[in-house]
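Here is the structure we will look at.
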Amino acid sequence: MEIFIDTANIDEIRKANDWGVIDGVTTNPSLVAKEKGKDFKTIVKEICEIVHGDVSAEVVATDYEGMLHEARVLAKVHKNVVVKIPLTPDGLKAVKALAKEGVRANVTLCFSANQALLAAKAGAYIISPFVGRLDDIGQDGVQLVEEILQIYDNYEFKTKVLFASVRHPDHVKQAALIGADIATCPFKVIEQLYRHPMSDSGLKQFLDDWAKLGQQIK
Ligand code: E4P
């Protein structure tokens, strides 16, 4: 499973990328808005120079022509840009037209299996079901991802399934268990993936015992 980082913060991206586990990046308008005062295209370009994988950048137009225009502008920033398009009738129409031009689309804000079916038929490169946001309203986000994986498998759709809106490390484990192609995680969750109290206490014990020896490894 690929692990993406879900942020537009350059420091977080640089740090997680240095750890060697990041395969790509997802951003959205809310995440970009947190990086006050920075030009959007400059942020996207900078991210693409740090992480050598897919980088999702979202359009903000809501009409077909506007989305096409913004998608083409964003796709020109770097060859790794995947344009994020919202799941609406105009959005999927734009996805279809962009696919013909070779522009890859990540269809975002997916909350149902039928929406995911339509996105795949339109030629989406990635579908992003928002698991955490469904969990937040008492629906089963993981089950949605399972349904999408089953439907895509039934009809051999090539669209990648991206487990989005990750809230905690257990979401990442669930994504891997059910076979999602990608999980996109906030920086905090990526950090948490490394952590186990027994790893920390075990290491401390090893180092304390070693210190008593007074030896060095040379
Ligand atoms: C996905 O690409 C989105 O940016 C993201 O996962 C949304 O998550 P949120 O529900 O934490 O905003």
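Just follow the structure's listing: the first ligand is 1, and inside any ligand the first atom is 1.
At the shortest separation from atom 12 (O) of ligand 1 among protein heavy atoms lies Arg133 NH2, 2.8 Å. Atom 8 (O) of ligand 1 has Ser165 CA, 3.4 Å as its closest protein atom, hydrogens excluded (heavy atom only). With hydrogens left out, the protein atom closest to atom 5 (C) of ligand 1 is Asp6 OD2, 2.9 Å, a heavy atom. With respect to atom 1 (C) of ligand 1, the closest heavy atom belonging to the protein is Lys84 NZ, 3.4 Å. Of the protein's non-hydrogen atoms, Phe130 CE2, 3.6 Å is the one closest to atom 7 (C) of ligand 1.
Put simply, the side chain of Val145 reaches to within 4.5 Å of the side chain of Val131, judged on heavy atoms.
Going from atom CD1 of Ile126 over to atom CG of Asp181 covers 9.0 Å, rounded to the nearest 0.5 Å.
Near Ala164, meaning under 4.0 Å from one of its heavy atoms, ligand 1 places the atoms 1 (C), 6 (O). Atoms of ligand 1 found under 4.0 Å from any heavy atom of Thr26, numbered from 1 in the order shown, are 2 (O).
The shortest separation from a heavy atom of Thr108 to ligand 1 is not under 4.0 Å, leaving the residue out of contact.
Heavy atoms from other residues, nucleotides or ligands lying under 6.0 Å from NZ of Lys38 number more than 12. Within a 6.0 Å sphere centred on CZ of Phe206, heavy atoms belonging to other residues, nucleotides or ligands number 12 at most.
Between His168 and His171, the ring planes are parallel. Angles under 30° get that label, and only those over 60° would be called perpendicular. Relative orientation of the Phe187 and Trp19 rings is parallel, given thresholds of 30° and 60° on the angle between their planes.
Considering both main-chain and side-chain atoms, Arg167 comes within under 3.5 Å of ligand 1 through a nitrogen or oxygen pair. Considering backbone and side-chain atoms together, Thr27 places no N or O closer than 3.5 Å to any N or O of ligand 1. The shortest N or O to N or O distance between Ser128 and ligand 1 is not below 3.5 Å.
With 3.5 Å as the limit, one finds a donor-acceptor pair spanning the side chains of Asn154 and Gln150. Judged purely by distance below 3.5 Å, without hydrogens or angles, the side chains of Thr184 and Thr26 pair a donor atom with an acceptor atom.
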